Amino acid sequence: MTNNDKALCLIIGSGPAGYTAAIYAARAGLKPVLYTGQEPGGQLMITTDVENYPGFPDGVLGPEMMDLFRKQAERFGTDIRMEMITKVDFTGPVHKVWTESGTELEAHTIIISTGASAKWLGLESEKRLTNQGVSACAVCDGFFFRGMEVAVVGGGDTAAEEATYLSKLCPKVHLLVRRDEMRASKIMQERVNKTENIIVHWNTEAEEILGNDAVEGVRIKNNKTGEISTIDVKGFFVAIGHKPNTDLFKDWLDMDDTGYLITKPDSSRTKIEGVFASGDAQDKIYRQAVTAAGTGCMAALDAERYLTEKGII
């Protein structure tokens, strides 16, 4: 595709959703162009062992898995470009995008797979020990801490869900809540309160995660009394939410109050014809690699049907 051609399908973002969309679109003859974005491969590039993705009985490293996805997309002819899209214009029937280098492109369909980023506390030790006991996904990594004490930070539904999930694997789950009450929904609070091995620490903030090469504990502070203490844990789960990477589309597409793109029921279609959303940019509930891949497949199929309906292919 030259810069003056109109792409049949342009994919913004990589990761399981983007690469899966590319595989399906390429096999359908749509000659997709995929822009990887700032983090080619998405969140899995900072994930070590992935043991819950079907087809990998012995597990697989996140970066290795994304490399396989990329190679499969390229095998069918996907044009993968290591650049960011910084501006879009969804005004007309043919959509326009601009890259960070200033290149303008036109496309009949756009698939958004820009993902979401976990929110972090901002501790140096948190960054240093990521994938060494620090995680932002209990469902992804909880298995590795079976039989060990762990800590979860947060007071919303995400933290309550993570703590409840981990309570089935771990003898004790320490839930660190910054205020004297939780923001979680009533039903999630009730689940936490009924789970005997979840210990809630109110008015508590994590000051530092302890350990050199692996998590050995966490130093906490009571923000009411100023008391500092230490909890011995092997896992530290940050559950203060995710931010979808959708700022680029805020003037064009419907999104909820936290920025997740809204799609029409039972589809990946957005309110703009020819624009589709997939993966963690659209999914605030499951946020798993396998579900992201599934919605990437949906987006490619929806794009193909749209192009057929419009007589473009």
Side-chain angles (χ1 to χ4, degrees), residues 15 38-53 56 58-67 115-156 158-178 197-223 227-243 245 280 287-289:
Q38 190 172 7
E39 298 178 349
Q43 293 186 72
L44 282 178
M45 296 302 287
I46 57 170
T47 303
T48 50
D49 296 306
V50 179
E51 296 196 332
N52 56 4
Y53 199 96
F56 296 94
D58 299 320
V60 61
L61 295 176
E64 179 186 353
M65 183 177 173
M66 285 300 91
D67 186 53
S117 301
K119 295 179 182 178
W120 298 95
L121 299 174
L123 302 174
E124 183 280 328
S125 52
E126 172 189 57
K127 184 176 181 180
R128 175 169 51 83
L129 292 168
T130 296
N131 292 325
Q132 304 296 323
V134 172
S135 170
C137 180
V139 175
C140 309
D141 300 326
F143 178 83
F144 300 113
F145 301 93
R146 183 183 291 272
M148 306 177 190
E149 288 193 32
V150 298
V152 177
V153 177
T158 299
E161 289 172 5
E162 302 267 278
T164 303
Y165 177 85
L166 289 165
S167 71
K168 299 169 185 174
L169 304 172
C170 306
K172 281 186 183 180
V173 178
H174 299 271
L175 182 58
L176 313 182
V177 182
R178 187 165 50 90
N197 61 331
I198 297 179
I199 299 113
V200 182
H201 301 258
W202 302 108
N203 301 306
T204 298
E205 299 179 26
E207 283 214 322
E208 185 178 3
I209 304 162
L210 308 175
N212 294 319
D213 300 318
V215 172
E216 297 175 0
V218 55
R219 186 167 68 238
I220 59 175
K221 179 181 180 180
N222 185 298
N223 55 33
E227 179 184 357
I228 294 176
S229 57
T230 299
I231 305 173
D232 294 329
V233 294
K234 298 299 182 184
F236 185 86
F237 291 84
V238 181
I240 57 176
H242 287 72
K243 183 184 184 305
N245 303 318
D280 287 9
R287 298 194 303 267
Q288 300 296 304

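Everything numeric here is computed off the predicted structure, so don't read it as measured data.
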Peer 1: From Leu123 CG over to Phe236 CZ, what is the distance, rounded to the nearest 0.5 angstrom?
Peer 2: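 Result: 6.5 Å between the selected atoms.
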Peer 1: First locate atom CG of Asp141, then atom CG of Asn131, and finally report the distance between them rounded to the nearest 0.5 Å.
Peer 2: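 So the CG of Asp141 and the CG of Asn131 are separated by 7.0 Å.
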Peer 1: Are any non-hydrogen side-chain atoms of Asn52 and Val50 less than 4.5 angstrom apart?
Peer 2: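 SC-SC contact between Asn52 and Val50 confirmed.
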Peer 1: Sub-3.5 Å donor-acceptor pair from the side chain of Asn223 to the main-chain atoms of Glu205, do we have one?
Peer 2: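 Such a contact is absent between Asn223 side chain and Glu205 backbone.
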Peer 1: Describe, in one word, how the ring planes of Phe237 and Phe145 are oriented to each other, choosing from parallel (under 30°), tilted (30 to 60°) and perpendicular (over 60°).
Peer 2: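 Phe237 and Phe145: perpendicular rings.
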Peer 1: Going by side-chain contact (heavy atoms from CB on, under 4.5 Å), Ile209 matches just one of Gln132, Glu216, Glu126. Which one?
Peer 2: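 Running side-chain contact (heavy atoms from CB on, under 4.5 Å) over Gln132, Glu216, Glu126 with Ile209 returns exactly one hit, Glu126.
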Peer 1: Hey, does Asp280 have a side-chain heavy atom less than 4.5 Å from the side chain of His242?
Peer 2: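 Side chain of His242 against side chain of Asp280, heavy atoms only: no contact under 4.5 Å found.
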Peer 1: Under a 3.5 Å cutoff, is there a donor and acceptor pairing between the side chains of Asn222 and Glu227?
Peer 2: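 Looking only at side-chain atoms, Glu227 and Asn222 do not form any donor-acceptor pair under 3.5 Å.
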Peer 1: Specify the closest pair of heavy atoms between Cys140 and Gln288, including all atoms of both residues, with the distance to one decimal.
Peer 2: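 Where Cys140 meets Gln288 most closely, the heavy atoms are SG-OE1, 3.9 Å.
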Peer 1: Give a yes or no on whether Arg219 atom CZ has more than 12 heavy-atom contacts from other residues, nucleotides or ligands under 6.0 Å away.
Peer 2: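 More than 12 heavy atoms, drawn from other residues, nucleotides or ligands, come within 6.0 Å of this atom.
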Peer 1: To check you understand the geometry: which heavy-atom pair defines the closest contact between Asp232 and Glu149, and what is its length?
Peer 2: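 The pair with the smallest heavy-atom distance is O-OE1, 3.7 Å.
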Peer 1: Before giving the answer on side chain to side chain contact (heavy atoms under 4.5 Å, CB included), spell out for Cys170 and Asn197 the whole-Å C-alpha distance, their side-chain angles and the decisive distance to 0.1 Å.
Peer 2: CA-CA 8 Å; Cys170 306; Asn197 61 331; 5.6 Å; no
Peer 1: Step through the shown structure and confirm whether more than 12 heavy atoms of other residues, nucleotides or ligands are within 6.0 Å of NZ on Lys243.
Peer 2: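 Enclosed.
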Peer 1: Between Ala138 and Leu166, which heavy-atom pair has the shortest distance, and what is it?
Peer 2: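 It is CB-CG, 3.8 Å.
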Peer 1: Can you tell me which residue among Leu175, Val152, Val150, Val173 is in a side-chain contact (heavy atoms from CB on, under 4.5 Å) with Ser167?
Peer 2: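 Considering Leu175, Val152, Val150, Val173, a side-chain contact (heavy atoms from CB on, under 4.5 Å) with Ser167 is found only for Val173.
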Peer 1: State, to 0.1 Å, how close Ala239 and Thr158 come at their nearest heavy-atom pair, and which atoms those are.
Peer 2: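 That would be CB-CG2, 4.0 Å.
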Peer 1: Which pair of heavy atoms, one from Trp120 and one from Ala136, lies closest together, and at what distance?
Peer 2: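 Scanning both residues completely, I find the closest heavy atoms to be CH2-CB, 3.7 Å.
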Peer 1: First locate atom CG of Leu169, then atom CZ of Phe144, and finally report the distance between them rounded to the nearest 0.5 Å.
Peer 2: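 Here the rounded value is 11.5 Å.
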Peer 1: Should Ser125 and Leu210 count as side-chain neighbours, where that means a heavy-atom distance under 4.5 Å?
Peer 2: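 Not touching, per the 4.5 Å side-chain cut-off.
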Peer 1: Which heavy atom of Ala206 sits nearest to which heavy atom of Leu121, and what is that distance?
Peer 2: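 So the minimum-distance heavy-atom pair works out to CB-CD1, 4.2 Å.
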Peer 1: So His201 and Ile231, side chain to side chain contact (heavy atoms under 4.5 Å, CB included) or not? Walk me through it.
Peer 2: CA-CA 11 Å; His201 301 258; Ile231 305 173; 3.7 Å; yes
Peer 1: Quick one: pull up CD in Glu162 and CD1 in Ile240 and give me the separation to the nearest 0.5 Å.
Peer 2: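 If I round to the nearest 0.5 Å, the distance is 12.0 Å.
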Peer 1: Below 4.5 Å, heavy atoms only, C-beta onward: do His174 and Ile220 meet side chain to side chain?
Peer 2: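 The answer is no; the side chains never approach within 4.5 Å.
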Peer 1: How long is the span from the CG atom in Asp58 to the CD atom in Glu51, to the nearest 0.5 Å?
Peer 2: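 Interatomic distance, Asp58 CG to Glu51 CD, rounded to 0.5 Å: 9.0 Å.
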Peer 1: How many angstroms lie between atom CG of Leu176 and atom CG of Asn203, to the nearest 0.5 angstrom?
Peer 2: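 Here the rounded value is 12.0 Å.
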Peer 1: Say whether, by atom type as modelled, one donor and one acceptor occur between the side chain of Arg128 and the main chain of Asn212 under 3.5 angstrom.
Peer 2: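 Yes.
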